[in-house]
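Presented below is the structure to which this report refers.
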Amino acid sequence: MPELPEVETIKKYLERKIVKQKIQDIKIFDRKGFKGEKNKVIGTKILKIKRKGKFLIFILNNSYNLLFHLKMTGQILFFNFLRNSEINKATKVIFVLNNGYLIFNDVRRFGWVKVVAEKNLKEEIKNLGIDALNLTFDDLKEILSKTKRPIKLVLMDQRRIAGIGNIYANEALFLAKINPLKPANSLKNEEIKELLEAIKIVLKKAINYGGSSISSYVKPDKRKGKYQEKFLVYRREGEKCKNCKTVIEKIKLGGRSTFYCKNCQK
DNA sequence: AATCGTTCCTGATAGC
DNA sequence: TGCTATCAGGAACGAT
């Protein structure tokens with residue numbers, strides 16, 4: 001699933017390829033995936049690419065933005081030339097640029113791209129919490145003190161902290177040796193500090209590895225990320241903990257699969 | 001106000 | 001082999 005590291009990887013790739021390029025045309029294959037007027041975008045130049053949490057934002061030169069959310073299976077691909085074989089039933093939108101083709105695919109059709117006037121962008125993402133990479137100790141302490149919900153649910157709550165999804169919540173909690181069920185407001189200062197460090201280490205390392213290619217995530221050139229090879233607990237139920245050899249458990253929490261080591265994460 | 005359960009969607013997989 | 005049932009999951013939404 002595209003979480004912060006995957007969206008950041010896509011952002012970095014696209015910065016090298018499509019900034020300063022002109023959008024010549026937009027071909028829409030799935031109306032559900034394209035919100036707003038495409039005429040506001042055709043003929044504009046892409047000035048800048050930003051990321052907030054799991055959102056990807058193209059800043060255009062006419063005070064409009066393109067706001068993407070990839071949800072679970074969204075893919076953004078970029079090719080200088082378009083092969084017919086690249087168009088399939090998951091293809092939602094193709095942006096025709098002067099130097100190539102930006103393809104937005106999404107098998108499960110939850111993802112979307114929206115044309116937003118720059119002045120309305122804040123309103124669009126007003127519910128988004130602090131980006132996980134900018135989180136400070138004081139921020140995290142404040143957020144956790146306000147609820148007794150299980151810590152994992154709070155880490156994944158985009159209104160509190162933006163960018164962490166199921167993979168990296170599981171991985172960060174393991175690294176910090178904290179049980180995912182532990183009430184958020186019961187964490188001691190030392191644990192909060194460990195958790196903050198773990199979040200940053202896991203996210204930055206995942207970015208360095210180009211994200212995690214499970215499900216359908218790939219980089220815009222279709223190459224896979226490599227962080228899935230580094231997972232310590234995610235999808236490792238029944239396998240041995242890399243610290244202590246205890247068998248990794250899988251439970252459901254808030255309807256999501258949760259993986260942890262009973263021995264290491266008290 | 002905060003939190004919980006449901007819903008959207010389709011491909012992969014399990015079970016018979 | 002081929003069918004059906006279940007599962008995966010981000011986040012908006014309505015209900016509590």
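Here is the naming used below: chain letters follow the sequence lines, and residue numbers restart at 1 for every chain.
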Go through the side-chain N and O atoms of A:Asn105 and A:Thr91 and say whether any donor and acceptor fall under 3.5 Å apart.
-> yes
Between A:Asn166 and A:Lys152, is any side-chain donor less than 3.5 angstrom from a side-chain acceptor?
->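 The answer is yes; a qualifying pair exists.
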NA contact type, A:Lys54, heavy-atom cut-off 4.0 Å: base, sugar-phosphate, or nothing?
-> sugar-phosphate
Pick base, sugar-phosphate or nothing for A:Met72, based on heavy-atom distances below 4.0 Å to the nucleic acid.
->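 Since a base atom lies under 4.0 Å of A:Met72, the category is base.
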Rounded to whole angstroms, how far apart are [atom1] on [X] and [atom2] on [N]?
X        : N      : atom1 : atom2 : result
A:Phe110 : B:dC8  : CZ    : C1'   : 4 Å
A:Lys250 : C:dC7  : NZ    : C1'   : 8 Å
A:Tyr217 : B:dG11 : OH    : C1'   : 21 Å
A:Met1   : C:dA11 : CE    : C1'   : 14 Å
A:Asp157 : B:dA2  : CG    : P     : 10 Å
A:Lys146 : B:dA1  : NZ    : P     : 13 Å
A:Gln158 : B:dA2  : CD    : C1'   : 17 Å
A:Lys32  : B:dC8  : NZ    : C1'   : 6 Å

Is a donor-acceptor pair below 3.5 Å formed from side chain A:Arg149 to base B:dA2, judging by atom type as modelled?
->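 No pair found.
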If you pin A:Val107 and A:Arg256 to their nearest nucleotides in DNA chain B, which one's is more 5'?
->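 Upstream on the strand: A:Arg256.
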Nearest-nucleotide 5' precedence on DNA chain C, A:Thr73 against A:Trp112 =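 In this pair, the answer is A:Thr73.
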Of A:Arg108 and A:Arg159, whose nearest nucleotide on DNA chain C comes first from the 5' end?
->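 Nearest-nucleotide comparison on DNA chain C picks A:Arg108.
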Are A:Phe259 and A:Phe174 close enough that their ring centers fall under 6.0 Å?
-> no
Looking at [X], I'd like to know whether one of its side-chain N or O atoms comes within less than 4.0 Å of OP1 or OP2 on [N].
X        : N      : value
A:Lys148 : B:dA2  : no
A:His69  : C:dA11 : yes
A:Arg109 : B:dT10 : yes
A:Arg160 : C:dA11 : no
A:Ser257 : C:dC7  : no
A:Lys89  : B:dG11 : yes

Is there a side-chain contact between A:Lys92 and A:Phe34 (heavy atoms, below 4.5 Å)?
->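 No. Closest side-chain heavy atoms not under 4.5 Å.
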What pair of heavy atoms forms the shortest contact from A:Leu155 to A:Ile164, and how long is it?
->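 Scanning both residues, the minimum pair turns out to be O-CB, 3.5 Å.
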